[in-house]
Number of protein chains: 2
Amino acid sequence: MPDTPVRVLVADDEPLVRSGLRLILDAEPDLEVVGEAGDGAQAVELARTLRPDVVCMDVRMPGVDGLRATELVLRLPEPPRVLVVTTFEHDGYVLDALTVGASGFLLKRAGADEMVQAVRTVAVGQSLLYPQALRDLVRTRPRATAGAPVLTPREREVLGLVAQGMTNAEIATALVVGVETVRTHVASVLAKLQARDRTQAVVLGYRAGLVEL
Amino acid sequence: MPDTPVRVLVADDEPLVRSGLRLILDAEPDLEVVGEAGDGAQAVELARTLRPDVVCMDVRMPGVDGLRATELVLRLPEPPRVLVVTTFEHDGYVLDALTVGASGFLLKRAGADEMVQAVRTVAVGQSLLYPQALRDLVRTRPRATAGAPVLTPREREVLGLVAQGMTNAEIATALVVGVETVRTHVASVLAKLQARDRTQAVVLGYRAGLVEL
DNA sequence: GCCGATATCCCCCGGCCGGGGGAGTGGGCG
DNA sequence: CGCCCACTCCCCCGGCCGGGGGATATCGGC
């Protein structure tokens, strides 16, 4: 199946890491490491001249860092796919890396086979990340209506207005009902969400997917 | 390298699609289709008895649909990875699928090699989706720090705790300062965000990218 | 050395909020 | 028909909140 091997460029400021990656990837008949870069600027330059299919890009590098380098690499004509690699799990680079257009995000402590698989995956044009990163991305959009407290339509409506920052009086006006009624609804919402305040109600309601912000 | 082949269960209500997938996957020496399910209930049952490594799950199926089936499959002891497959690009299933814990999301019009690669990728425990889906996920995170009011570090910290639903007294305890101090910081935050109350502050702060929820 | 920004603390007061009760209407379902 | 639920309204009260003043200390920069 591998008519021509996938051409890979490795960019990392640690020579040891570069050697390790080269060993791992070159061991596969369908992968071929065509170059190594020690910083972001070099990575961009080599990507331009060597025209690899995939760039394995470290995030932390001296000078031009991995994210900036990724941006620049992706501006090349017929750009390679960029697989961003980092050491630590929760350093918040994931979102930034994906925003600038990386095809994947991988941890350095991934096994050799995972690394190989990842290169192949982005080579065919798919996107990939380690499971926790995906979960983090999804978590920020918690369409978690599952297991959420059951609010009546009116209660959801009131919660929505509470989340707009409206006072009970304003909500009463908006819904054309008495303030006392609103107070009752708010009280129900607080009880159901187990919130002490309207502020907590907004946060919990948001997390439960009951309100949009 | 493939000591034992990856065991795959195919779930799709179209017999033609099942046959196609079987042909594609069985052609690979390291992949082995161990069963086919025609609906969600069957998929769950076969996943339980056959104990595959990966389930290729169609979203639209009669009876128990793919998403529900995915949830159930993932509740099995030592569950397989689930690769959700669908026909259309923008049907909004992506987020739901990932929320219920799918490891990947793929389009049916993906080529044979992409499909094979995808199965291998999720088999080693990574997550994958087609590039546009990832872009959509990222796009929904505005990160609109641009033009946001400038809060001092302490003010951001206080706002963060306010967003947890804490009262001024609790925040004071948490930060080991007087309640009056917290009141001052909160007042500054309200002024800078032009919020009338802490509830509005949370919402505005969230929209401005100043707090995470 | 002065000034601005930041962070800390203090007082008064009006108001909205949230908890505790109670109570009447209508609609849906057994 | 009777029951339950959702929706509506009412009263009292304690507490936290937010606006209005002001005060002190530290740090960094011009």
Side-chain angles (χ1 to χ4, degrees), chain A residues 144-213, chain B residues 144-213:
Chain A
T145 320
V150 180
L151 300 188
T152 70
R154 200 54 158 178
E155 285 164 354
R156 272 193 300 278
E157 198 175 0
V158 170
L159 177 57
L161 297 178
V162 168
Q164 307 281 321
M166 296 174 87
T167 67
N168 289 339
E170 288 169 336
I171 296 173
T173 304
L175 298 182
V176 199
V177 294
V179 186
E180 298 302 329
T181 304
V182 176
R183 291 171 55 79
T184 307
H185 289 312
V186 171
S188 304
V189 171
L190 293 182
K192 289 183 180 178
L193 294 180
Q194 297 180 21
R196 292 175 312 186
D197 300 6
R198 56 217 287 114
T199 305
Q200 268 196 7
V202 169
V203 176
L204 295 175
Y206 169 75
R207 288 208 251 251
L210 295 170
V211 284
E212 299 290 319
L213 294 186
Chain B
T145 320
V150 179
L151 300 189
T152 71
R154 202 55 159 174
E155 285 165 354
R156 272 193 300 277
E157 200 176 359
V158 170
L159 177 57
L161 297 177
V162 168
Q164 306 284 319
M166 296 173 88
T167 67
N168 289 338
E170 287 169 336
I171 295 172
T173 304
L175 298 182
V176 200
V177 295
V179 185
E180 298 302 330
T181 305
V182 176
R183 291 170 57 77
T184 307
H185 289 312
V186 171
S188 304
V189 171
L190 294 181
K192 287 184 180 177
L193 293 181
Q194 298 182 23
R196 291 175 313 185
D197 29 282
R198 48 182 55 236
T199 305
Q200 270 196 4
V202 169
V203 176
L204 296 174
Y206 170 76
R207 288 207 250 252
L210 295 169
V211 283
E212 301 290 317
L213 294 185

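These figures come from a predicted structure and were not determined experimentally. Letters A, B, ... mirror the listed sequences (proteins, then strands); counts begin at 1.
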Legend entry - Boundaries of the chain A footprint along DNA chain C (any atom under 4.0 Å from a heavy atom):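 Range of nucleotides touched by chain A: C/dC17 to C/dG19.
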Inset, instruction - Classify the nucleic acid contact of A/T167 as base, sugar-phosphate or nothing, counting any heavy atom under 4.0 Å across all strands shown. - result: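 The answer is sugar-phosphate, as A/T167 gets under 4.0 Å only of primed atoms, P, OP1 or OP2.
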Inset, instruction - Would you mind classifying the nucleic acid contact of A/T152 as base, sugar-phosphate or nothing, using non-hydrogen atoms under 4.0 angstrom? - result: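 Sugar-phosphate: the residue A/T152, judged by heavy atoms under 4.0 Å, touches backbone atoms but no base.
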Legend entry - Whether B/R196 side chain and A/G165 backbone form a donor-acceptor pair below 3.5 Å: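 Yes; at least one donor-acceptor contact below 3.5 Å.
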Legend entry - Side-chain donor/acceptor of A/E155 to backbone N/O of A/T152, under 3.5 Å: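 Indeed, once roles are kept as given, a pair shorter than 3.5 Å links the two residues.
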In Å, rounded to the nearest 0.5 Å, how long is the span from [atom1] of [X] to [atom2] of [Y]?
X	Y	atom1	atom2	value
B/L175	B/E170	CG	CD	11.5 Å
B/L190	B/H185	CG	NE2	13.0 Å
A/L159	A/K192	CG	NZ	11.5 Å
A/L193	A/L151	CG	CG	5.5 Å
A/T173	A/M166	OG1	CE	7.5 Å

Legend entry - Side chain to side chain, B/R154 and B/V177, heavy atoms closer than 4.5 Å: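 B/R154 reaches B/V177 side chain to side chain.
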Inset, instruction - Could you tell me the separation between the CZ atom of B/R183 and the C1' atom of D/dA23, rounded to a whole number of Å? - result: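 The answer, rounded to whole Å, is 16 Å.
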Inset, instruction - Figure out the NE2/P separation between A/H185 and D/dC9, and round it to whole Å. - result: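 Roughly 8 Å, once rounded to whole Å.
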Inset, instruction - Please evaluate the base of D/dC9 for a donor-acceptor partner in the side chain of A/T184 within a cut-off of under 3.5 Å? - result: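 A donor-acceptor contact between them is present.
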Legend entry - Under-4.0 Å side-chain N/O to phosphate OP1/OP2 contact, A/T181 with D/dC9: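 The answer is yes; a side-chain N or O of A/T181 sits under 4.0 Å from OP1 or OP2.
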Legend entry - Helix axis bend for the helix from C/dG1-D/dC30 to C/dG30-D/dC1 - C1'-based end axes, five pairs, 10° rounding: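 Inter-axis angle at the ends, rounded: 50°.
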Inset, instruction - For B/P153 and for B/E180, find the nucleotide of DNA chain C with the closest heavy atom, then tell me which residue's nucleotide is more 5'. - result: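 Looking at DNA chain C, the more 5' nearest nucleotide goes with B/P153.
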